[in-house]
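Contents: one structure, followed by commentary.
No experiment lies behind these values; they were computed from the predicted model shown. Protein chains get the first letters and strands the later ones, always in sequence-line order, with residue 1 at the start of each.
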Amino acid sequence: MSPRSARKARPEPAPSTASSSRPTLLLAWYDRHRRRLPWRAMPGEASDPYRVWLSEIMLQQTTVKAVGPYFEKFVARWPDVTALGSASQDDVLRMWAGLGYYSRARNLYACAVAVTRDHGGVFPDTEEGLRALPGIGPYTAAAIAAIAFDRHTMPVDGNIERVVSRLFAVEEELPQAKPLIQQLATTLLANARAGDSAQALMDLGSSICTPKKPACSLCPLTEDCAARAQGTQETFPRKAPKKSGTLRRGAAFVVTRGDELLVRSRPEKGLLGGMTEVPGSDWLAGQDDDEAKRQAPALKGLSRWQRRVGVVTHVFTHFPLELVVYTAKAEARTRAPAGMRWVPIATLAGEALPNVMRKVIAHGLGLPPAASS
DNA sequence: GACCCGTGGCA
DNA sequence: TTGCCAAGGGT
């Protein structure tokens with residue numbers, strides 16, 4: 001084995017010339033193939049910081065397809081940051097229901113209030129200023145600074161991590177490799193058009209340099225890609241395998257009073273914070289059904305509890321959940337226990353119901369599983 | 001750094 | 001089916 005092949009392979013990058021530098025190739029590709037997205041300014045147009053910010057928050061760990069309708073709903077109802085800052089948190093949460101990661105909605109609202117009250121309704125135009133706002137971390141601050149204000153900074157998201165780790169065949173595992181990847185990604189910034197450089201990498205990552213079966217033949221940087229030269233592009237980025245959580249079990253109680261349903265709000269902090277739910281037991285690993293059922297709400301004038309056949313399952317990021325569903329009917333004018341309320345079943349669509357609760361209610365009421373919107 | 005926090009699509 | 005992944009942030 002020759003000394004060269006024994007090394008961790010790192011092929012020499014092709015020498016770049018002024019006319020074929022990576023940032024230039026990238027922008028040329030972007031100008032031909034950029035996606036048209038609702039929050040993205042047309043070429044030559046100034047971008048609206050409010051729309052950039054709103055889209056960046058919604059896009060955190062969330063696909064473009066899922067965000068689209070939510071973004072349209074939000075800007076239609078709240079066309080600028082001052083309008084959003086003047087809304088109520090409940091309205092914002094209701095509008096966000098179904099998108100997931102609900103702390104984003106609370107921080108979104110807190111941020112709009114802060115910008116309205118502390119910044120005269122104008123977003124800070126520096127990374128540091130943005131970083132100080134609720135819900136804006138290192139990535140989002142850099143993204144807004146680059147895209148909305150053309151600051152010379154490179155946001156690094158999952159797409160860019162993948163593109164860069166392949167381009168330079170970064171052997172170090174994530175998340176330890178983040179500083180190195182940030183440094184390498186910054187070399188891909190064009191002197192002008194920082195925001196377009198970043199969006200070019202994101203578009204490249206989502207449409208060409210995909211996690212599986214990347215379309216290397218269509219990539220403007222294919223001649224320059226270290227992983228491609230080794231044929232190992234799908235193995236990047238390197239990362240340690242992650243462990244899955246332990247199954248938790250619990251019970252949920254679907255109580256109806258005529259055409260109304262008994263619900264309550266979850267605590268502000270923590271899992272599904274501030275969202276609406278039907279009363280239920282704790283969700284614990286190893287909990288048996290009898291123990292969970294003992295946590296049923298106490299109401300007067302209730303018919304017998306009926307256990308629905310089957311269970312509702314849901315998988316959160318850190319654990320799978322299995323819920324047994326019990327139903328009962330309450331007599332007319334039965335009072336809701338403290339902290340709970342009756343809501344008309346017809347208006348449930350407007351409630352801040354996370355998907356797991358939509359499943360529970362559908363199961364409890366004997367409805368078909370809601371067609372995913 | 002390790003955990004926590006949703007949901008939908010994909011192979 | 002199970003696991004991975006998606007424009008991350010907060011604690």
Side-chain angles (χ1 to χ4, degrees), chain A residues 35 37-40 51-71 93 96-108 110-111 130-144 146-148 154-163 173-179 185 195 198-207 209-214 234 237 239-245 247-248 266-275 277 283 313-321 352-359 369-373:
Chain A
R35 290 178 292 179
L37 301 172
W39 45 87
R40 193 175 267 184
R51 295 168 69 94
V52 173
W53 163 72
L54 179 60
S55 67
E56 288 298 340
I57 301 299
M58 289 182 165
L59 286 162
Q60 287 168 5
Q61 299 291 280
T62 309
T63 58
V64 165
K65 184 182 177 193
V67 164
Y70 284 86
F71 179 85
L93 272 180
W96 193 279
L99 240 201
Y101 283 131
Y102 298 100
S103 68
R104 290 186 299 172
R106 295 192 298 274
N107 284 143
L108 181 84
C111 183
L130 290 161
R131 181 72 183 75
L133 264 10
I136 299 184
Y139 163 77
T140 305
I144 299 173
I147 297 170
M154 178 62 88
V156 178
D157 70 335
N159 280 316
I160 298 183
E161 278 178 353
R162 187 172 57 257
V163 173
E173 284 187 345
L174 286 171
Q176 295 82 1
K178 280 177 178 285
Q199 293 180 95
L201 280 178
M202 294 182 206
D203 280 16
L204 194 60
S206 81
S207 60
C209 196
T210 48
K212 311 209 178 218
K213 299 191 186 309
E234 272 198 62
K239 54 180 70 171
K242 57 173 125 181
K243 45 200 167 188
S244 86
L247 174 69
R248 300 186 198 181
R266 294 180 62 88
E268 278 297 309
K269 303 266 183 186
L271 182 66
L272 304 174
M275 303 297 287
E277 66 174 3
W283 299 343
T313 61
H314 192 75
V315 181
F316 293 101
T317 312
H318 263 73
F319 64 94
L321 175 65
L353 282 173
N355 278 7
V356 61
M357 283 301 140
R358 294 180 190 268
K359 289 186 204 173
S372 53
S373 51

**Prompt:** What is the distance, rounded to the nearest whole Å, between atom CD of A:Gln60 and atom C1' of B:dG6?
**Reply:** 13 Å

**Request:** Select from A:Ser103 and A:Lys212 the residue whose nearest nucleotide in DNA chain B is closer to the 5' end of that strand.
**Result:** A:Ser103

**Item:** C1' spacing across the pair C:dA6 / B:dG1, given as an integer number of angstrom
**Value:** 23 Å

**Request:** Using a strict 4.0 Å threshold on nitrogen-to-oxygen distance, state whether A:Asp157 and A:Arg162 make a salt bridge.
**Result:** no

**Request:** For residues A:Phe71 and A:Trp39, establish whether the separation of their ring centroids is below 6.0 Å.
**Result:** yes

**Message:** Whole angstroms only, please: what is the CD1-P distance between A:Ile136 and C:dT11?
**Reply:** 14 Å

**Message:** Quick check for you: among B:dT7, B:dG6, C:dG9, whose closest atom lies nearest to any side-chain atom of A:Pro138?
**Reply:** C:dG9

**Item:** Protein-nucleotide distance (A:Leu99, atom CG; C:dG8, atom P), rounded to Å
**Value:** 13 Å

**Asked** Are A:His314 and B:dT7 close enough that a side-chain N or O sits under 4.0 Å from OP1 or OP2?
**Response** yes

**Message:** For A:Arg104 and A:Gln60, which I'm curious about, is there any donor-acceptor pair between the side chains at under 3.5 Å?
**Reply:** no

**Asked** Looking at the side chain of A:Arg162, which of C:dA6, B:dG6, B:dG8 is the nearest nucleotide?
**Response** C:dA6

**Fill in**
Between NZ of A:Lys269 and P of C:dG10 the distance, given in whole Å, is 11 Å

**Request:** Would you mind telling me which of B:dG9, B:dC5, B:dT7 lies closest to the side-chain atoms of A:Lys65?
**Result:** B:dG9

**Fill in**
Of C:dG8, C:dC5, C:dG10, the nucleotide closest to the side chain of A:Tyr139 is C:dG8

**Fill in**
Minimal heavy-atom distance between A:Cys209 and A:Val163, with the atoms involved, is CB-CG2, 3.8 Å

**Prompt:** Any idea which of B:dG6, B:dC5, C:dC5 is nearest the A:Pro211 side chain?
**Reply:** C:dC5

**Message:** Classify A:Trp39 by what it touches in the nucleic acid, base, sugar-phosphate, or nothing, heavy-atom distance under 4.0 Å.
**Reply:** base

**Prompt:** Whole-Å distance between C:dG9 P and A:Trp53 CH2?
**Reply:** 14 Å

**Phosphate OP1/OP2 of C:dG9 contacted by A:Asn107 side-chain N/O (<4.0 Å)** = no

**Message:** Heavy-atom nearest nucleotide on DNA chain B for A:Gly270 versus A:Gln176: which residue maps closer to 5'?
**Reply:** A:Gln176

**Request:** Would you tell me if any nitrogen or oxygen in the side chain of A:Gln61 comes within less than 4.0 Å of OP1 or OP2 on C:dA6?
**Result:** no

**Item:** Separation of B:dT7 P from A:Lys359 NZ (nearest whole Å)
**Value:** 8 Å

**Request:** Assign A:Leu108 to base, sugar-phosphate, or nothing according to its heavy-atom contacts below 4.0 angstrom with the strands shown.
**Result:** nothing

**Closest-nucleotide ordering on DNA chain C, the 5'-leading residue of A:Leu59 and A:Arg131** = A:Leu59

**Request:** Spell out yes or no: do the side chain of A:Tyr101 and the base of B:dG6 have one donor N/O and one acceptor N/O closer than 3.5 Å?
**Result:** yes

**Item:** Interatomic distance at P, C:dT11 relative to B:dG6, whole Å
**Value:** 14 Å

**Fill in**
Taking C:dG8, B:dG6, B:dC5 as options, the one with an atom nearest any side-chain atom of A:Leu272 is B:dG6

**Asked** Using a cut-off of 4.0 Å on non-hydrogen atoms, how would the nucleic acid contact of A:Gly98 be classed: base, sugar-phosphate, or nothing?
**Response** sugar-phosphate

**Message:** Please determine whether any donor N or O and acceptor N or O are separated by less than 3.5 Å between the side chain of A:Thr62 and the base of C:dG8.
**Reply:** no

**Message:** Output the rounded distance in Å from CD1 (A:Ile144) to P (C:dG8).
**Reply:** 13 Å

**Message:** Can you tell me how the ring of A:Phe319 sits relative to the ring of A:Phe316, calling it parallel under 30°, perpendicular over 60° and tilted otherwise?
**Reply:** tilted

**Asked** Could you give the CG-to-P distance, from A:Leu133 to C:dG8, as a whole number of Å?
**Response** 19 Å

**Prompt:** Does a donor on one side chain and an acceptor on the other come within less than 3.5 Å for A:Ser206 and A:Arg35?
**Reply:** yes

